[in-house]
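Step one of this worksheet: look at the structure below.
Below, each value reflects all heavy atoms present in this structure, side chains not excepted, and no hydrogens, waters or symmetry copies. Reminder, nothing fancy here: chain letters follow the sequence lines and each chain counts from 1. Quantities reported herein were computed from a predicted structural model and do not represent experimental measurements.
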Number of protein chains: 2
Amino acid sequence: MTLDDARAADAADPLRGFRERFVLPDGVIYLDGNSLGALPAVTAARVARTVADEWGRGLIRSWNDADWLGAPQRIGALIAPLLGAAEDEVIVADSTSANLFKLLAAAIRATGRSTILTEPGNFPTDLHVAQGVAALLPGVSVRAAPADELAAALDGDTAVLLLSHVHYRSGARHDMAALSAAARAAGALSLWDVSHSVGAVPLDLVRDGADLAVGCGYKFLNGGPGAPAFLFVRRALQPTLASPITGWMGHKRPFAFEDDYAAGEGMTRFLAGTPPILGMAALEEGVRILREVDMAAVAAKSAALFDLFAARVAALAPELRLVSPTQARARGSHIAFAHPHAHEIVQALIADGVIGDFRAPDVLRFGLTPLYLGHEDVWRATDILGRIMAGGSWRDPRFAVRARVT
Amino acid sequence: MTLDDARAADAADPLRGFRERFVLPDGVIYLDGNSLGALPAVTAARVARTVADEWGRGLIRSWNDADWLGAPQRIGALIAPLLGAAEDEVIVADSTSANLFKLLAAAIRATGRSTILTEPGNFPTDLHVAQGVAALLPGVSVRAAPADELAAALDGDTAVLLLSHVHYRSGARHDMAALSAAARAAGALSLWDVSHSVGAVPLDLVRDGADLAVGCGYKFLNGGPGAPAFLFVRRALQPTLASPITGWMGHKRPFAFEDDYAAGEGMTRFLAGTPPILGMAALEEGVRILREVDMAAVAAKSAALFDLFAARVAALAPELRLVSPTQARARGSHIAFAHPHAHEIVQALIADGVIGDFRAPDVLRFGLTPLYLGHEDVWRATDILGRIMAGGSWRDPRFAVRARVT
């Protein structure tokens with residue numbers, strides 16, 4: 001492929017119209033939308049209205065008049081089709097970490113079993129929250145098995161199989177249908193963290209037999225920094241699961257102010273505190289854009305961008321070792337390479353306007369976001385990467401300085 | 001007091017300059033700042049900058065460059081003096097409900113005891129979250145004792161005494177020093193929900209011997225709808241408490257991406273997920289205004305507004321029964337009345353531009369927020385209330401319709 005070919009691919013791209021729906025700074029090629037999605041053009045005005053009109057003028061009345069109270073269910077229903085779930089199977093609440101905690105504790109109680117099975121190297125918050133549940137509940141333990149040993153590791157004491165659908169470093173995607181079926185055959189529940197999948201790859205949780213899922217709003221959903229997260233619970237399971245964090249918003253009648261807790265219907269029981277309205281407003285705008293998109297087109301473009309990125313790096317920076325799967329169906333929508341000086345190379349790229357990220361200890365990670373990234377962007381980014389590697393500019397000592405978030 | 005007297009009191013009010021720091025709609029007297037604080041004038045611009053500049057232009061870099069990552073500690077330190085706490089004893093995170101859950105579970109584990117002692121009629125989320133902890137942890141139970149029997153109810157099995165400092169309905173304020181000392185003498189921890197106190201009354205948690213506290217950002221701190229909440233843990237206790245929700249942001253080295261959880265130093269261990277940045281930005285502006293205020297002046301003005309409100313209602317609407325304590329030091333900064341038709345009366349008031357709220361089953365509640373409310377406002381609001389009661393306009397059937405939030 002030549003630069004002209006890349007431009008031709010962009011001209012023919014059925015998703016090309018979405019680029020103008022996002023605000024991106026000049027002089028930057030943004031390859032980190034898998035960590036923090038870009039700002040949709042409509043979001044600033046939506047948040048401004050929420051602040052000035054709904055809060056400032058509507059005041060407390062906006063809980064009803066602007067349907068603030070319905071935001072967790074309303075935005076959950078908007079997200080549901082992106083998950084392959086029914087509208088009443090998804091709700092927006094809290095953070096991914098808090099939602100993992102709720103569902104892990106609920107799964108332990110519902111199954112009467114005591115092992116959380118996961119894999120080593122899973123995203124830290126998944127492992128850490130599971131460890132916290134094990135430290136809290138007597139007899140509960142966490143067992144980690146490598147991906148190819150998970151099915152064999154399921155046994156009669158496995159309460160829940162907890163996995164990230166798409167791995168945060170490599171981008172490797174699990175076979176959700178096969179592993180959910182294996183969990184079910186062993187009498188365990190499956191709990192999927194789809195933070196790196198939702199909005200990135202087509203999902204069909206119901207078809208694939210997933211029992212439970214959590215995911216975050218600030219990556220491919222473009223919901224803004226620290227956006228609220230979501231939970232999915234397969235409908236038939238909802239009445240059998242009890243949230244451990246029984247805050248007033250999860251009550252069946254929150255405004256009756258009763259002394260005794262009574263779990264709300266359906267997904268409502270997984271709410272806890274008062275919903276974060278500013279974050280909800282931004283998330284809703286991000287999700288709305290995704291709802292206009294054909295996810296098959298997103299997947300096809302993601303694969304094309306990946307292939308171009310991989311081919312260019314193989315040619316221009318062969319010392320970077322591809323760590324993502326080469327088969328499109330076996331991965332998410334980012335590409336990762338290993339190099340002993342990954343941190344310095346990422347910093348040199350950022351200094352040259354190419355924003356990817358470093359994941360300890362040795363990974364360079366680049367998000368491929370088909371809604372606001374084109375083939376020419378990949379061409380130019382890999383050109384700059386090739387020059388940095390060939391010229392050795394990453395050896396500049398300033399690039400070795402570690403910020404808190406690196 | 002006459003209307004002229006009320007105006008004179010406003011003219012002499014040392015806090016009168018703060019009124020213009022808030023945006024309030026024309027034609028409204030806002031007496032619900034204890035439920036959702038008013039919008040500070042600076043907040044719209046701050047949130048707009050956070051969206052357009054930090055998110056839109058800074059993108060992922062803003063976790064470092066705009067110190068998004070430091071927001072929980074930074075805003076916690078800003079809140080600390082309002083609590084009478086040291087800067088490293090407070091952190092902003094999650095919701096009040098989630099924070100209650102963390103601290104109750106931590107207190108159970110740290111003390112090795114199994115009873116949560118609270119009072120009946122406490123704010124629902126306090127009771128409900130305590131009930132959820134009891135349902136989750138084997139052997140744990142919740143015991144509720146009336147306020148005057150609490151000290152006697154503390155025993156060798158009491159892990160934690162959980163109380164709202166200022167009651168959400170009546171406004172009655174507990175004696176924090178006496179009850180914290182009683183808890184300590186019994187070997188229990190004290191956990192105070194200061195949602196209706198912070199920014200409303202002077203607090204001195206350290207002096208008063210409180211061990212733990214939680215509170216919300218959207219009432220008297222004017223942090224916006226669903227603003228992030230905060231936790232306080234007395235410094236000496238911090239290393240002894242383990243959060244049950246061990247998300248990645250509470251890790252000692254979150255960006256090392258280690259498989260094993262290691263609790264962060266100090267209050268950091270009480271973080272769980274990625275902080276909600278839009279909500280944090282709005283909260284920070286609200287708290288900054290409070291930091292300029294002399295809380296003794298706030299308390300004095302609150303008492304004056306209360307006395308005026310109570311006297312006017314006694315004269316103009318004597319069928320409303322005052323349920324708040326008459327002594328200023330025994331209450332927070334709202335005034336509550338009981339009436340069998342409280343709901344209809346509140347709806348009639350709202351229709352006439354006086355926004356208070358109804359709390360089931362029979363309470364009319366009016367927030368007295370000295371930063372943006374004056375004596376003339378109270379005069380006019382009670383005038384309207386008197387007319388509604390005298391004329392019986394609250395009997396209009398439309399005022400009986402219950403909204404979801406009432």
Against chain B, label [X] side chain, backbone, both or neither, depending on which of its atoms sit under 4.5 Å from a heavy atom there.
X	value
P120(A)	both
A282(A)	side chain
I355(A)	side chain
R169(A)	neither
V142(A)	neither
N222(A)	backbone
F22(A)	neither

Select, from [options], the one with the greatest count of heavy-atom pairs under 4.5 Å involving chain A.
options	result
L24(B), T96(B), V23(B), L137(B)	L137(B)
A98(B), G121(B), A105(B)	G121(B)
G279(B), G224(B), A44(B), A281(B)	G224(B)
M280(B), E258(B), E54(B)	E258(B)
A144(B), G250(B), G223(B)	G223(B)

message: Going by side chain to side chain contact (heavy atoms under 4.5 Å, CB included), D259(B) matches just one of T118(A), L127(A), N122(A). Which one?
response: L127(A)
- request: Let me know which of T246(A), I108(A), L136(A), I245(A) forms a side chain to side chain contact (heavy atoms under 4.5 Å, CB included) with L136(B).
  value: L136(A)
Which atom pair, heavy atoms only, marks the closest approach of [X] to [Y]?
X	Y	answer
G56(B)	P25(A)	O-CD, 3.5 Å
T274(A)	Y218(B)	OG1-OH, 2.6 Å
W55(B)	P225(A)	CD2-CD, 3.7 Å
A360(B)	A256(A)	CB-O, 4.0 Å

Just give me the residue among [options] that pairs up with chain B most often, heavy atom to heavy atom, under 4.5 Å.
options	answer
R109(A), M249(A), K102(A)	R109(A)
A272(A), P244(A), G33(A), P40(A)	P244(A)
S62(A), S95(A), G37(A), S97(A)	S97(A)
L278(A), V47(A), D260(A)	D260(A)
L104(A), L59(A), T125(A)	L59(A)

message: Is A227(B) close to chain A through its backbone or its side chain, or both, or neither, when contacts mean heavy atoms under 4.5 Å?
response: neither
query: Between W248(B) and V129(A), is there a donor-acceptor pair closer than 3.5 Å when you use the side chain of the first and the backbone of the second?
result: no
task: Please step through side-chain contact (heavy atoms from CB on, under 4.5 Å) for the pair V363(A) and F257(B), ending with a clear verdict.
output: CA-CA 12 Å; V363(A) 165; F257(B) 295 94; over 6 Å; no
task: To the nearest 0.5 Å, tell me how far W63(B) CH2 sits from D357(A) CG.
output: 13.0 Å
task: Could you label the plane-to-plane angle of the H128(A) and H251(B) rings as parallel, tilted or perpendicular, counting under 30° as parallel and over 60° as perpendicular?
output: parallel
